[in-house]
Amino acid sequence: MPSTSLKINLIIKPISDEPDFAPHSYTIPQDNINKLQQHNEYKNEPCEEILRYELNNQKVLSYIKEKGIDVDNHHDFSTICTLLEKVASTYHHDGANYTHDKENIGTIAQIEYAQKQNNYTNCRGMAIILCGVLRAYGFQANVVECYSDDSNSPEIHVVCEVFCEDLNKTILLDPSNNLIYYLDGQPLSLFELREAMINNQSEKITINEDASHNGEEVSTIQLLAYMSKNLMFLVKGIDSDETHELRDENRICLVPTDYLDKDDPKAAIRTDNIQEFYISK
């Protein structure tokens, strides 16, 4: 259908019958939590470091600074928050299923592609741009696909995770909503968000005060309701740089132990070891 939200005519193919965040949910579906609780066996054991990052790409850094994403880099959580806000205020989420093919690999290509859509892109585009920006500033950041247990549903949500050295932990960033989740004042990773939900701590989860979807206020409970069904499989790249896509052999998938032998989603490495999914060189 032709877009009505942009100033140019586009052909939009919905990701699913329900656009992202459209349902007005005021409770977290218990069925989703039950499913996560039923499949929650993982290992947390030492392993070889397998994740690789290209950091401080000067071509990307120069390009994004020209686009106004220019910050004082203190290599800390504050810098991460500033970069998240700048990306989320410059580029906008519309849920359209834009093409992310070999012609659009990398941060610069994704920014230029979004510019053709009047600075709009989908959650994958937002995550690719933010991760590229963070890596250009020296942070280990990765695009992460969040899958539900429904293999018949094409709908996933794509976010970013970044390692923050001053907090010594990985943090979930959702640029589609300028969003960070917190529990007891500490920012959460995707896996920690999953654990908080299944341990009945959802009411204690908070979000940053400036979280918004294209400038509009967002609801914590609606966001958690949406994410509660998309935390069964977490998939990210083994190599994160300007030439590798999140596909084929460049994928590691964190799954519950009882899903190790299932076929969907496909990944070069399928693991139930939390450390294998998060440890990097």
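Note that the structure is predicted; figures quoted are calculated from it, not measured. Scope of the values below: all heavy atoms of this structure, side chains included, with no hydrogens, waters or symmetry mates.
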Side-chain heavy atoms of Asn177 within contact of His93, under 4.5 Å:
no
Is the Lys NZ or Arg CZ of Lys229 less than 6.0 Å from the centre of Tyr226's six-membered ring, within 45° of the axis?
yes
Would you say the side chain of Leu173 lies within less than 4.5 Å of the side chain of Leu134, judging by non-hydrogen atoms?
yes
Parallel, tilted or perpendicular: which one describes the rings of His92 and Tyr120, with boundaries at 30° and 60°?
tilted
If we count only N and O atoms by modelled type, under 3.5 Å, do the side chains of His39 and Asp149 hold a donor and an acceptor together?
no
Smallest separation among heavy atoms of Tyr53 and Asn142, with atom names:
OH-ND2, 3.5 Å
So which atom in Pro175 and which in Leu84 form the shortest heavy-atom distance, rounded to 0.1 Å?
CA-CD1, 3.8 Å
So do the side chains of Cys146 and Met227 get within less than 4.5 Å of each other, counting heavy atoms only?
yes
Between Leu234 and Asn230 the two heavy atoms that sit nearest each other are CD2-O, 4.4 Å
For the CD atom on Gln30, are there more than 12 heavy atoms of other groups (residues, nucleotides or ligands in this structure) within a distance under 6.0 Å?
yes
Close side-chain approach of Val159 and Leu179, heavy atoms under 4.5 Å:
no
Heavy-atom distance under 4.5 Å between the side chains of Glu161 and Ser189, does that happen here?
yes
Heavy-atom pair of closest approach, residues Ala136 and Val60:
CB-CG1, 3.8 Å
Counting only heavy atoms not in Gln201 (residues, nucleotides, ligands), do more than 12 fall under 6.0 Å from its CD?
yes
CD of Glu165: more than 12 outside heavy atoms within 6.0 angstrom?
no
For residues 175-195, which residue pairs pass the ring pair (Phe, Tyr, Trp, His ring centres under 6.0 Å) check, not counting sequence neighbours?
Tyr42-Phe191
For Asn250 and Ile238, the nearest pair of non-hydrogen atoms, with its separation, is OD1-N, 3.2 Å
State which residue, out of Thr79, Val133, Ile64, fulfils the side chain to side chain contact (heavy atoms under 4.5 Å, CB included) condition with Val71.
Thr79
Of all heavy-atom pairs linking Asn40 and Arg194, the shortest is OD1-NH1, 2.6 Å
Might you confirm whether atom CD of Glu249 has over 12 heavy atoms from other residues, nucleotides or ligands at distances under 6.0 Å?
no
Looking only at side chains, do Asp241 and Thr243 share a donor and an acceptor under 3.5 Å apart?
yes
Lys59 and Glu242 ion-paired at < 4.0 Å:
no
